[in-house]
There are 2 protein chains.
Amino acid sequence: MSTSSEDLRSIALAEFATAGYAGTSLHRIADIAGLSKSTVLYHYSSKETLLEAAVAPAIDRMTQILEALEVRTLSAEGRLAFLSEFVDFLLEYRREVHMFINQGPSLVDVPVIDRANELVIRLAKFFAANTASVEEKMRFGIALGGAAYMLCTQDSLGFDNTPVEETRAALITILTGLLAPGAASASAATLTTANGI
Amino acid sequence: MSTSSEDLRSIALAEFATAGYAGTSLHRIADIAGLSKSTVLYHYSSKETLLEAAVAPAIDRMTQILEALEVRTLSAEGRLAFLSEFVDFLLEYRREVHMFINQGPSLVDVPVIDRANELVIRLAKFFAANTASVEEKMRFGIALGGAAYMLCTQDSLGFDNTPVEETRAALITILTGLLAPGAASASAATLTTANGI
DNA sequence: ACAGGCTCTGACCGATCGGTCAGCTAATTT
DNA sequence: AAATTAGCTGACCGATCGGTCAGAGCCTGT
């Protein structure tokens, strides 16, 4: 894997996430990378291949997390531990998650995006089972969509130079309060400090 | 304003919100409306004009809300009353808000979207003033982005046939807890019932 | 020195994009 | 009845889209 390939992958991911897949041309990606459009199609045989390469790591990681999750039963502590793991996932793959969430419906014919949509549904089923109330389902949607949006808009919200540790700790606190209202703040504080923040 | 004009406006809004402005062709809008592309350009002189017509009502309403907000000072009750008003705004203009939030950065050269972006910034400044902590700014981002996402994805989250009143009451409860942690649940319940739900 | 990959490029292709224009039809105005 | 207007359409335009292809430059192994 050459340097150009990795450059193109990260440039494409950033552009797809902000301008949208349809709104980003191969010419633009090539320009940013300082290459020609032909070179982009040399490294990735098509625009769709480039998209798949851009989001594949996030999908693999998400699949892995979900499989481990669906095996073990979920105690109250296990739920909080999973939340901590999921926050790390969100922090690392914020742009990919933002893409899945906001462009998933319009990219249904792309196989890799279909897999992502399926993962989101599986996650939703875990967090808000069929027996869950409407409010619980809404809480899950707000947590997922809100976190992805917020993490991709830090600059516009005015805290883009915040250290990652602080963002992580605050996000765990907020999501804990959102998804487990009631027995929230105490457990969240315990979890936050337990992870060495 | 003929029937076709209004049809095209609502079709365009729905398509722009789900597939993105760049990802939606005038041909597709015309097809859905059962008209020709030429007819779309007869009613709206350009694609950008159609976008402006689609989002203008939401921008006007949001401007009106913000101006009224920035005049009066904000007591604790006033803040909750505003939240109730803002939830109504979100419910009515969910697709427009979803557009502003997710496509705002990529449509900076469109004047009407610039106005929308400016409104979001003004709203952020109200909710999380410059003195606000990072966590408070994050809470605002999650609330805004999360509510817009959740309301536009009800079907995928499995509660699309929920009556509006229930959605509204739950959203007020959730957002109150998100934006005013601590003195949340009691006030939220009071506000919810006070609005006749 | 030479042969063979790797990386990269410009020229070119058909399809689709947003947009223009002349003109059709049916209703309305005078 | 004649003229005008609103609503709509297909043909067409230049620009840009994703994608193909032959080949140039370069580095490595023989």
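Every chain is numbered from 1 and lettered A, B, ... according to where its sequence line falls, protein lines coming before strand lines. Everything numeric here is computed off the predicted structure, so don't read it as measured data.
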In the structure I gave you, are the side-chain heavy atoms of [X] and [Y] within less than 4.5 Å of one another anywhere?
{"X": "A:F16", "Y": "A:I29", "answer": "yes"}
{"X": "A:R94", "Y": "A:Q154", "answer": "yes"}
{"X": "A:L151", "Y": "A:T167", "answer": "yes"}

Distance check needed: [N] [atom2] versus [X] [atom1], whole Å only.
{"X": "B:I29", "N": "C:dC17", "atom1": "CD1", "atom2": "C1'", "value": "13 Å"}
{"X": "A:L8", "N": "C:dT7", "atom1": "CG", "atom2": "P", "value": "12 Å"}
{"X": "B:E6", "N": "D:dG7", "atom1": "CD", "atom2": "P", "value": "14 Å"}
{"X": "A:L50", "N": "D:dC17", "atom1": "CG", "atom2": "P", "value": "15 Å"}
{"X": "A:D7", "N": "C:dC8", "atom1": "CG", "atom2": "C1'", "value": "15 Å"}
{"X": "B:D31", "N": "C:dT16", "atom1": "CG", "atom2": "C1'", "value": "13 Å"}
{"X": "A:Y44", "N": "C:dC6", "atom1": "OH", "atom2": "C1'", "value": "15 Å"}
{"X": "A:L35", "N": "C:dG10", "atom1": "CG", "atom2": "P", "value": "11 Å"}

Under 4.0 Å from OP1 or OP2 of [N]: is there any side-chain N or O of [X] that close?
{"X": "B:S45", "N": "C:dG19", "value": "no"}
{"X": "A:T39", "N": "C:dT9", "value": "yes"}
{"X": "A:H43", "N": "C:dC8", "value": "yes"}
{"X": "B:S36", "N": "D:dT9", "value": "yes"}
{"X": "A:Y42", "N": "C:dC8", "value": "no"}
{"X": "A:S38", "N": "D:dC21", "value": "no"}
{"X": "A:S25", "N": "D:dC17", "value": "yes"}

- Side-chain donor-acceptor pair present, A:T176, A:T173, cut-off under 3.5 Å: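 Absent: no donor and acceptor within the cut-off.
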
- Give one of base, sugar-phosphate or nothing for B:T49, where a contact means two heavy atoms less than 4.0 Å apart.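 No contact.
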
- A:L41 near the nucleic acid: base, sugar-phosphate alone, or nothing, with a heavy-atom cut-off under 4.0 Å?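 Contact class for A:L41: base.
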
- Quantify the bending of the helix from C:dA1-D:dT30 to C:dT30-D:dA1 as the angle between its end axes, each fitted on five pairs, to 10°.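 Taking five pairs per end, the axes differ by 10°.
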
- Message: Any carboxylate oxygen within less than 4.0 angstrom of a Lys/Arg side-chain nitrogen, looking at A:E165 and A:R168?
- Response: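 Here A:E165 does not pair with A:R168 in a salt bridge, since their nearest N and O are not under 4.0 Å apart.
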
- Message: Salt bridge or not between B:R115 and B:E118? Use side-chain N to carboxylate O under 4.0 Å.
- Response: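 The answer is no: the pair does not qualify as a salt bridge.
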
- Message: Quick one: does any side-chain atom of A:E52 pair with a main-chain N or O of A:V110 as donor and acceptor, under 3.5 Å?
- Response: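 Not at all, since once roles are kept as given, no pair shorter than 3.5 Å links the two residues.
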
- Cationic tip of B:K125 above B:F140 ring, under 6.0 Å, 45° of axis: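 So B:K125 doesn't make the cation-pi contact.
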
- Message: Please pick, from D:dG19, C:dC8, C:dG19, the nucleotide with the shortest atom-to-atom distance to any side-chain atom of B:K47.
- Response: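 Within the option list, the nearest is C:dG19.
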
- Item | Most 5' of B:G34 and B:K37 on DNA chain D, judged by nearest nucleotide |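 Here B:G34 is the residue nearer the 5' end.
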
